[in-house]
S.K.: 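Shown below is the structure under consideration.
Just so it is clear, the structure is predicted and the values come from calculations on it, not from any experiment. When reading the values below, keep in mind they use all heavy atoms of this one structure, side chains included, and skip hydrogens, waters and symmetry mates.
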Amino acid sequence: MHQLVQVLMRLKDIYIYPVKSLGGIRLHKATVDIKGFENDRRWMVVDDNGQFITQRRFPHMALLQPEFTQSGLRIYHKKALNKYVEVPFSPVTGKKIQVTVWDDSLTAEIVCPEVDKWLSEILDINCHLVKMDEKADRPISEKYAINDETVSFADSMPYMVIGQSSLDDLNGRLEEKVEMDRFRPNLVFEGGAAFEEDTWQVVQIGECMFQVTKPCARCVMVTIDQQTAEKGKEPLKTLSSYRLEGQKILFGQNMIAVSLGEIEVGDAVERLELGMRS
């Protein structure tokens with residue numbers, strides 16, 4: 001008689017991206033907030049009109065890597081480690097401006113003139129680093145909200161999860177493997193089948209509960225090598241051959257936090273049904 005064995009899923013990686021579209025930071029544990037992990041995408045680069053700037057237009061942003069210091073952030077250049085700038089946690093200019101992320105407009109504060117000068121020289125465009133005003137609310141789409149959730153400067157949702165098995169499945173179809181950093185997830189889990197996350201409605205990770213809202217549609221950003229900033233056709237070309245739904249290429253799932261707390265690498269990941277949510 002065969003016994004049904006449940007595959008144990010565990011949290012493998014936690015990532016935050018303090019500055020939208022710059023390099024990510026791997027954490028051992030993180031605080032789950034309504035609008036995303038603490039310090040995730042709370043800073044953003046904008047042009048003189050307050051329009052957000054990303055790797056889609058400036059692939060070179062992939063080479064800019066933030067790290068935390070005692071007083072704030074340090075952003076350094078991956079190819080020239082002696083090129084860096086210090087970013088204070090609290091903006092020093094007192095200058096608030098309206099910034100735009102996709103269809104959303106909200107208030108943010110310009111952080112520091114020295115940071116603007118450094119970024120403008122590297123990206124060859126006049127730009128500013130802004131920090132999200134803690135009082136500024138950026139609601140997620142009403143279609144997916146449960147308790148009027150808000151989001152940081154992330155594209156649309158506070159959290160995004162991908163299974164390691166899903167990346168392994170993709171890499172099995174590619175001539176040259178790609179790293180998970182192409183897809184900028186917040187949460188990576190191990191165990192379970194490829195695209196296990198596509199079947200989720202609600203998931204328990206450690207002491208926190210998340211609800212899946214929608215699949216993550218992919219764009220040209222995944223074709224940018226995060227270590228070299230070089231663009232190619234993959235993995236978007238291969239993904240389009242088997243992950244295309246309508247006009248969208250899907251990889252990973254967006255989520256909102258249903259219960260807050262702290263999670264850490266190694267936590268159990270358990271798929272729940274909607275009716276099981278407390």
Side-chain angles (χ1 to χ4, degrees), residues 14-27 35-68 72-80 83-85 87 91 97 99-106 108-112 115-132 136 138 151-160 162 178-187 216-232 235-236 249 251-252 254:
I14 299 170
Y15 293 102
I16 62 169
Y17 308 87
V19 183
K20 184 178 178 67
S21 223
L22 268 54
I25 298 174
R26 185 179 186 268
L27 302 177
K35 63 175 64 172
F37 282 132
E38 184 178 31
N39 290 320
D40 184 40
R41 296 175 175 98
R42 299 303 202 271
W43 289 265
M44 180 171 70
V45 184
V46 299
D47 64 19
D48 279 338
N49 296 316
Q51 183 72 26
F52 77 119
I53 291 174
T54 73
Q55 290 181 36
R56 296 170 183 87
R57 277 180 62 202
F58 299 93
H60 196 70
M61 293 176 80
L63 300 181
L64 302 183
Q65 178 64 46
E67 63 182 12
F68 287 108
L73 287 174
R74 176 182 290 122
I75 302 174
Y76 65 88
H77 196 290
K78 291 177 183 176
K79 297 293 186 182
K83 273 190 181 181
Y84 65 87
V85 68
V87 180
I97 61 171
V99 298
T100 304
V101 190
W102 299 112
D103 297 327
D104 298 327
S105 180
L106 64 156
E109 190 168 345
I110 295 177
V111 176
C112 177
V115 177
D116 290 355
K117 184 174 183 291
W118 189 85
L119 286 170
S120 296
E121 287 176 359
I122 286 181
L123 299 177
D124 198 23
I125 179 179
N126 205 37
C127 60
H128 311 278
L129 183 70
V130 298
K131 189 173 187 186
M132 193 171 209
R138 185 183 169 217
V151 62
S152 64
F153 287 136
D155 277 353
S156 64
M157 291 289 156
Y159 296 94
M160 200 259 288
I162 298 176
V178 296
E179 299 295 327
M180 187 66 86
D181 61 9
R182 297 277 187 121
F183 302 99
R184 304 176 72 80
N186 295 110
L187 301 149
C216 189
R218 294 303 177 171
C219 67
V220 293
M221 257 186 78
V222 303
T223 67
I224 301 168
D225 187 314
Q226 296 297 294
Q227 301 309 311
T228 65
E230 293 175 1
K231 289 179 73 173
L236 209 56
I249 298 168
F251 194 80
N254 288 298

S.K.: Walk me through it: do Ile224 and Met61 pass the test side chain to side chain contact (heavy atoms under 4.5 Å, CB included)?
M.R.: CA-CA 10 Å; Ile224 301 168; Met61 293 176 80; over 6 Å; no
S.K.: Which of these passes salt bridge (charged side-chain N to carboxylate O under 4.0 Å, His left out) with Asp155: Arg184, Arg218, Arg56?
M.R.: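 The single option meeting the salt bridge (charged side-chain N to carboxylate O under 4.0 Å, His left out) with Asp155 is Arg56.
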S.K.: For Val222 and Arg182, work out which heavy atoms get closest and say how close.
M.R.: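 In this case the closest contact between Val222 and Arg182 is O-NH1, 2.9 Å.
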S.K.: Considering only heavy atoms from C-beta outward, does the side chain of Pro185 approach that of Met160 to under 4.5 Å?
M.R.: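 Contact flag for Pro185/Met160 side chains = yes.
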S.K.: Mind listing the closest non-hydrogen atom pair of Met221 and Ser21 along with its distance?
M.R.: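 For Met221 and Ser21, the tightest heavy-atom pair comes out as CE-OG, 3.8 Å.
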S.K.: Please assess Tyr17 against Ile25 for the test side chain to side chain contact (heavy atoms under 4.5 Å, CB included), listing each intermediate value before the final yes or no.
M.R.: CA-CA 6 Å; Tyr17 308 87; Ile25 298 174; over 6 Å; no
S.K.: So, do Ile75 and Trp118 sit near enough that their side-chain heavy atoms are less than 4.5 Å apart?
M.R.: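 With C-beta onward as the side chain, the pair touches.
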S.K.: Any side-chain heavy-atom pair from Gln227 and Asp181 closer than 4.5 angstrom?
M.R.: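 Yes; the side chains approach each other to less than 4.5 Å.
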S.K.: Check the pair Ile97, His128 against side chain to side chain contact (heavy atoms under 4.5 Å, CB included), reporting the backbone distance first and the verdict last.
M.R.: CA-CA 11 Å; Ile97 61 171; His128 311 278; 5.5 Å; no
S.K.: How many angstroms lie between CD1 in Ile122 and NZ in Lys83, if you round to the nearest 0.5 Å?
M.R.: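 Here the interatomic distance stands at 5.5 Å.
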S.K.: To the nearest 0.5 Å, what is the distance between NZ on Lys231 and CG on Leu236?
M.R.: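 Here the rounded value is 10.5 Å.
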S.K.: Parallel, tilted or perpendicular for Phe37 and Tyr159, by the 30°/60° rule?
M.R.: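 If you compare the ring of Phe37 with that of Tyr159, the planes turn out perpendicular.
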S.K.: Grab the two heavy atoms, one from Asn254 and one from Cys216, that are nearest each other, plus how far apart they are.
M.R.: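 Smallest interatomic distance, heavy atoms only, reads ND2-CA, 3.6 Å.
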S.K.: Report the residue from Lys78, Gln65, Gln55 that forms a side-chain hydrogen bond (donor to acceptor under 3.5 Å, both in side chains) with Gln226.
M.R.: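 With Gln226 as partner, Lys78, Gln65, Gln55 yield a single side-chain hydrogen bond (donor to acceptor under 3.5 Å, both in side chains), made by Gln55.
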S.K.: Are any of the side-chain heavy atoms of Val99 and Leu106 separated by less than 4.5 Å?
M.R.: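 Counting from C-beta outward, Val99 and Leu106 do come under 4.5 Å.
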S.K.: Are any non-hydrogen side-chain atoms of Lys20 and Val101 less than 4.5 angstrom apart?
M.R.: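 Touching, per the 4.5 Å side-chain cut-off.
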S.K.: Any non-hydrogen side-chain atom of Val85 less than 4.5 Å from a side-chain atom of Leu119?
M.R.: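 In short, these two side chains do not touch, never coming nearer than 4.5 Å.
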S.K.: For the atom pair CG (Leu64) and OH (Tyr76), what is the distance rounded to the nearest 0.5 Å?
M.R.: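 If I round to the nearest 0.5 Å, the distance is 10.5 Å.
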S.K.: When you measure from the side chain of Asn49 to the backbone of Gln51, do you find a donor-acceptor pair of N or O atoms at a distance under 3.5 Å?
M.R.: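 Such a contact is absent between Asn49 side chain and Gln51 backbone.
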S.K.: Can you name the nearest heavy-atom pair linking Cys127 to Ser120, along with the distance?
M.R.: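 Scanning both residues completely, I find the closest heavy atoms to be N-OG, 3.0 Å.
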S.K.: Show the nearest heavy-atom pair for residues Ser152 and Arg42, with the distance to one decimal.
M.R.: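 Between these two residues, the closest heavy atoms are CB-NH1, 3.8 Å.
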S.K.: Kindly determine whether Val130 and Val111 satisfy side chain to side chain contact (heavy atoms under 4.5 Å, CB included), including the steps that lead there.
M.R.: CA-CA 5 Å; Val130 298; Val111 176; 5.6 Å; no
S.K.: May I ask you to check whether Phe251 and Phe183 place their ring centers less than 6.0 Å from one another?
M.R.: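 When the ring centroids of Phe251 and Phe183 are compared, they turn out to be within the sub-6.0 Å range.
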S.K.: For atom CG of Asp48, decide whether the heavy atoms of other residues, nucleotides or ligands shown that lie under 6.0 angstrom number more than 12.
M.R.: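 Above 12, so yes.
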S.K.: With a cut-off of 6.0 Å (strictly less than), are more than 12 heavy atoms of other residues, nucleotides or ligands near CD of Glu179?
M.R.: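 Incorrect, the count does not exceed 12.
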S.K.: Assert yes or no for the condition that the ring centre distance of Phe52 to Trp102 is strictly below 6.0 Å.
M.R.: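 Centroid separation for Phe52 and Trp102: below 6.0 Å.
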S.K.: Out of curiosity, Glu109 CD to Leu129 CG, how far, rounded to the nearest 0.5 Å?
M.R.: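 One finds 11.5 Å between CD of Glu109 and CG of Leu129.
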S.K.: Looking at CZ of Arg26 and OH of Tyr15, how far apart are the two atoms once the value is rounded to the nearest 0.5 Å?
M.R.: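 Rounded to the nearest 0.5 Å, the CZ-OH separation comes out at 6.0 Å.
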S.K.: Look at atom OH of Tyr84 and say whether more than 12 heavy atoms of other residues, nucleotides or ligands are closer to it than 6.0 Å.
M.R.: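 No, not enclosed.
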S.K.: Any idea which heavy atoms bring Ile16 and Glu38 closest together, and the distance?
M.R.: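 Between these two residues, the closest heavy atoms are CD1-O, 4.0 Å.
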S.K.: Which distance, rounded to the nearest 0.5 Å, do you find between the CG of Asn126 and the CD of Glu121?
M.R.: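 Going from the CG atom of Asn126 to the CD atom of Glu121 covers 11.0 Å.
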